[in-house]
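Report on the structure given below.
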Amino acid sequence: MNSNILLRGGGAMLALLLLGACTAPPSTGAASPAAERTTLVWPKPPEHPRIRYAGTIRGHADTGSTNDFATSLFNLVIGRREFQIEQPHGVTEDRQGRLYVVDSRLRGVHIFDLKKGTHRIFPDQPVEGFLTPLDVAVSDDGRIFVSDSEAGIVHVFSDLGKRYEGHFGTDQMERPTGLALTARSRDLIVCDTLGSRLAIYDPRTLKLKRIVGGKGDGRRGFNYPTAVTVGRGGRIYVTDSLNFRVQILSSDYRFVGRFGTAGDAPGHFARPKGIATDRDGNIYVVDALFDNVQIFDPEGRLLMAFGSPGSKAGELWLPTGIYIDPQDRIYVADSYNQRLQIFERVKTVPSAP
C-alpha cells in the first residue's frame with residue numbers, strides 16, 4: 001500500500017513521518033476557485049458563450065476550511081502539506097452534493113463537501129488489494145463502489161468511506177474501469193476494458209446479472225471501453241476507446257446507435273475517456289489526446305468543444321474523467337495538471353435587436 005494513504009486519520013508517529021518523507025509534486029501555489037475565477041468562455045467572442053470556466057479544486061485549501069492551531073503546527077514540524085489531488089480519474093457526487101474524486105497515485109478517494117468546507121480521503125487504513133482505483137459510483141443508499149483496474153475487482157465502502165465492506169468481481173472481469181449506476185441504483189454497470197464488454201451487477205447482492213457486448217468493431221462490439229454514463233430516459237453511453245466512438249444503448253442494454261470515428265478533426269476521437277450528459281441530453285466526451293471536451297447533441301452531432309492543451313485555467317493535460325451535476329456544473333478530472341477543473345453552462349441567449 002502506498003504510504004501516502006497510511007493511517008490518514010492520525011495513527012502512529014512512524015507512519016506520519018513516512019507521510020512527510022514521501023515524494024510529492026511541488027506546490028503550484030494555486031488560488032482557490034473563487035480567487036482563480038476568470039472570464040474564460042467558449043466559444044470565443046463575438047460568438048455567444050455557451051461554456052464558462054468557474055474554478056479549480058486542488059485539495060484541502062480549496063474547500064475554504066482551515067486546520068486548528070495544533071494540527072497546523074504538527075504539519076509544519078513534520079514537513080507535511082495537506083493532501084492535494086495528484087492523479088484524478090473518476091468523479092461523481094452523492095445525493096447530498098459531496099464530490100468524490102478518485103486519485104490513482106494516492107490510491108484513495110477524495111471527498112469534498114464544498115457546502116461544509118470539508119475534505120477527507122479514504123480509505124483511512126490500508127485495504128488489501130486496493131491497488132489502482134480508477135472510477136467511483138455512489139448508490140442512493142450511500143454505498144460507494146470503486147473500480148480497481150490492477151486488482152480486477154470493484155471495492156465497496158459505506159459510511160462515507162469509513163467502512164470497508166469488501167469487493168466483488170474476482171475472476172469475472174479482466175480490468176474494470178468506468179462505473180455507472182442506473183436509475184434508483186437498480187444496476188451497476190462496469191466497463192471491463194480488457195474484456196471489451198460491460199458487466200452488469202446487482203449493487204445490493206453484488207451478483208453478476210449479465211454481460212453486454214464483446215470484442216469487435218461491429219454494432220454490438222467493443223474495443224477497450226473505458227467510461228460509461230446513464231443519461232435521460234435511461235440511455236447508456238459508453239466510450240468505446242479503441243473503436244474511437246461512443247456506443248449508445250437503451251435502458252435494457254440494446255444497441256441503438258453510435259457516433260464518432262478515429263481522426264484529429266472536430267467530431268472525431270483520438271483517445272476518448274470520460275463521458276457525461278447534461279440536463280438537455282447533450283453528450284460530453286473527454287479526449288485525453290486532444291486535451292479537450294467535445295459536446296454532441298443527443299443524436300451524436302457535434303455542437304462545440306472547450307479546453308486546450310496546457311496548464312493555465314481552462315487548459316487541460318491528459319484529462320480522464322468528467323461529471324455533470326444537476327445544475328449543469330461540469331467537473332473535469334485534469335489528470336496531469338493534478339486538479340479538478342469546474343466549468344458551467346451559459347444558458348442565457350441575448351435577445352434579438
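- Between the OG1 atom of Thr229 and the CD1 atom of Ile283 there is a distance of 10.0 Å, given to the nearest 0.5 Å.
- Considering CZ of Arg204 and OG of Ser139, their distance stands at 7.5 Å, rounded to 0.5 Å.
- Between Phe269 atom CZ and Phe244 atom CZ the span is 11.0 Å, to the nearest 0.5 Å.
- Side-chain contact between Arg120 and His60: absent, with no pair of heavy atoms (C-beta onward) separated by less than 4.5 Å.
- Using cut-offs of 30° and 60° for the angle between ring planes, the Phe296 and Phe259 rings count as tilted.
- Applying the side-chain contact (heavy atoms from CB on, under 4.5 Å) test between Ser185 and each of Asp187, Leu181, Thr182 identifies Leu181 as the sole match.
- Atom OH of Tyr253 has more than 12 neighbouring heavy atoms from other residues, nucleotides or ligands inside a 6.0 Å radius.
- Side chains of Gln87 and Asp103: no donor on one and acceptor on the other come within 3.5 Å.
- Evaluated for a side-chain contact (heavy atoms from CB on, under 4.5 Å) with Pro272, the options Val246, Val285, Asn243, Val238 yield exactly one hit, Val285.
- Here the side chains of Met304 and Leu302 are not in contact, with every heavy-atom distance at 4.5 Å or above.
- A distance-only check finds a donor-acceptor pair linking the side chain of Arg232 to the backbone of Asp280 [under 3.5 Å].
- Of the N and O atoms on the side chains of Asp94 and Tyr100, at least one donor lies less than 3.5 Å from an acceptor on the other residue.
- The heavy-atom pair separating Gly129 from Asp148 by the smallest distance is O-OD2, 3.1 Å.
- For the atom pair Leu106 CG and Glu86 CD, the distance stands at 4.0 Å (nearest 0.5 Å).
- Sparse packing is recorded around CG of Asp217, with 12 or fewer heavy atoms of other residues, nucleotides or ligands lying under 6.0 Å away.
- Inter-residue side-chain proximity for Leu194 and Tyr224 is flagged as met; some heavy-atom pair is nearer than 4.5 Å.
- Remark: Arg345 CZ is packed, more than 12 non-hydrogen atoms of other residues, nucleotides or ligands lying under 6.0 Å away.
- Between the side chain of Asp297 and the backbone N or O of Glu299 there is at least one donor-acceptor pair closer than 3.5 Å.
- In summary, Arg329 and Glu344 do not engage in a salt bridge, as defined by a charged side-chain N under 4.0 Å from a carboxylate O.
- Val286 and Tyr284 fall within a single hydrophobic cluster, where Ile, Leu, Val, Met, Phe, Trp and Tyr are joined by side-chain heavy atoms under 4.5 Å apart, directly or via other members.
- Judged purely by atom type and a 3.5 angstrom limit, Asp192 has no side-chain atom pairing as donor or acceptor with the backbone of Ser196.
- A side-chain donor-acceptor contact under 3.5 Å links Asp113 to the backbone of Lys115.
- A 4.5 Å side-chain heavy-atom check between Asn282 and Leu303 finds at least one atom pair inside the cut-off.
- Using modelled atom types and a 3.5 Å distance limit, the side chains of Thr177 and Thr193 yield a donor-acceptor pair.
- Looking only at atom types and distance, the side chain of Ser158 has a donor-acceptor partner in the side chain of Glu165 under 3.5 Å away.
- Taking each heavy atom of Ile324 and Asp278 in turn, the nearest pair found is CD1-N, 4.0 Å.
- Taking a cutoff of 4.0 Å between a charged side-chain nitrogen and a carboxylate oxygen, Asp141 and Arg143 do not qualify as a salt bridge.
- Note on Ile111: it clusters hydrophobically with Phe157, by side-chain heavy-atom contacts below 4.5 Å among ILVMFWY residues.
- In terms of heavy atoms, Gly233 sits closest to Ser251 at O-CB, 4.1 Å.
- Other residues, nucleotides and ligands contribute over 12 non-hydrogen atoms within 6.0 Å of the CZ atom of Arg279.
- The heavy-atom pair separating Ser250 from Ile236 by the smallest distance is O-CD1, 3.5 Å.
- For the residue pair Thr132 / Ser149, no side-chain donor-acceptor distance below 3.5 Å is found, with atom types taken as modelled.
- Within the 6.0 Å centre-distance limit, the rings of Trp42 and Phe343 are counted as a close aromatic pair.
- The aromatic ring centres of Phe222 and Phe255 sit less than 6.0 Å apart.
- Within the 4.5 Å cutoff, the side chain of Tyr331 has heavy atoms near those of the Asp325 side chain.
- By the criterion of side-chain heavy atoms lying less than 4.5 angstrom apart, applied directly or through intervening Ile, Leu, Val, Met, Phe, Trp or Tyr residues, Leu160 is grouped together with Phe122 in one hydrophobic cluster.
- Ionic pairing of Asp287 and Lys273 is not present here: no N-O contact between side-chain nitrogen and carboxylate oxygen is shorter than 4.0 angstrom.
- A donor-acceptor pair under 3.5 Å is formed between the side chain of Asp135 and the backbone N or O of Leu179.
- When each of Leu188, Leu208, Ile153 is paired with Phe168, the side-chain contact (heavy atoms from CB on, under 4.5 Å) condition holds for Leu188 and for no other.
- No donor-acceptor distance shorter than 3.5 angstrom exists from the side chain of Asn337 to the backbone of Leu318, with no hydrogens or angles considered.
- Residues Ile211 and Leu249 fall into different hydrophobic clusters, defined by Ile, Leu, Val, Met, Phe, Trp and Tyr side chains chained together at heavy-atom separations under 4.5 Å.
- Counting only distance, with no hydrogens or angles, the side chain of Gln294 and the backbone of Gly267 share a donor-acceptor pair below 3.5 Å.
- Sparse packing is recorded around CZ of Arg254, with 12 or fewer heavy atoms of other residues, nucleotides or ligands lying under 6.0 Å away.
- No side-chain heavy atom of Val101 sits under 4.5 Å from any side-chain heavy atom of Val109.
- With respect to the salt-bridge test (charged N to carboxylate O, under 4.0 angstrom), the residues Arg58 and Asp62 do not qualify.
- Using modelled atom types and a 3.5 Å distance limit, the side chains of Tyr164 and His155 yield a donor-acceptor pair.
- With a 4.5 Å cut-off on side-chain heavy atoms, Ile57 and Leu99 count as touching.
- The heavy-atom pair separating Pro88 from Ile85 by the smallest distance is CD-CG2, 3.5 Å.
- At most 12 non-hydrogen atoms from other residues, nucleotides or ligands lie less than 6.0 angstrom from CG of Asp264.
- Counting heavy-atom neighbours within 6.0 Å of Lys312 NZ, excluding the residue itself, gives a total of 12 or less.
- Using a distance-only test at 3.5 Å, with no hydrogens or angles considered, a donor-acceptor pair links the side chain of Thr239 to the main chain of Ala227.
- Note that the CZ atom of Arg50 and the NZ atom of Lys347 stand 11.5 Å from one another [nearest 0.5 Å].
- Using a 4.0 Å cut-off between charged nitrogen and carboxylate oxygen, Asp124 and Lys162 do not count as a salt-bridge pair.
- Side-chain contact, Glu93 with Tyr323: a donor N or O sits under 3.5 Å from an acceptor N or O.
- Using a 4.5 Å cut-off between side-chain heavy atoms of Ile, Leu, Val, Met, Phe, Trp and Tyr, with links allowed through other members, Phe130 and Val102 fall into the same hydrophobic cluster.
- Atom CZ of Arg245 is separated from atom CG of Asn223 by 8.5 Å, given to the nearest 0.5 angstrom.
- The main-chain N or O of Leu131 is found under 3.5 Å from a side-chain atom of Arg107 such that the two form a donor-acceptor pair.
- Looking at Val190 and Val228, their side chains never come closer than 4.5 Å, going by heavy atoms from C-beta outward.
- In terms of modelled atom types and a separation under 3.5 Å, the side chain of Gln341 and the main chain of Glu315 share a donor-acceptor contact.
- Closest heavy-atom contact between Met173 and Tyr201: CE-OH, 3.7 Å.
- For the pair Lys209 and Asp202, the salt-bridge criterion is not met [side-chain N within less than 4.0 Å of a carboxylate O].
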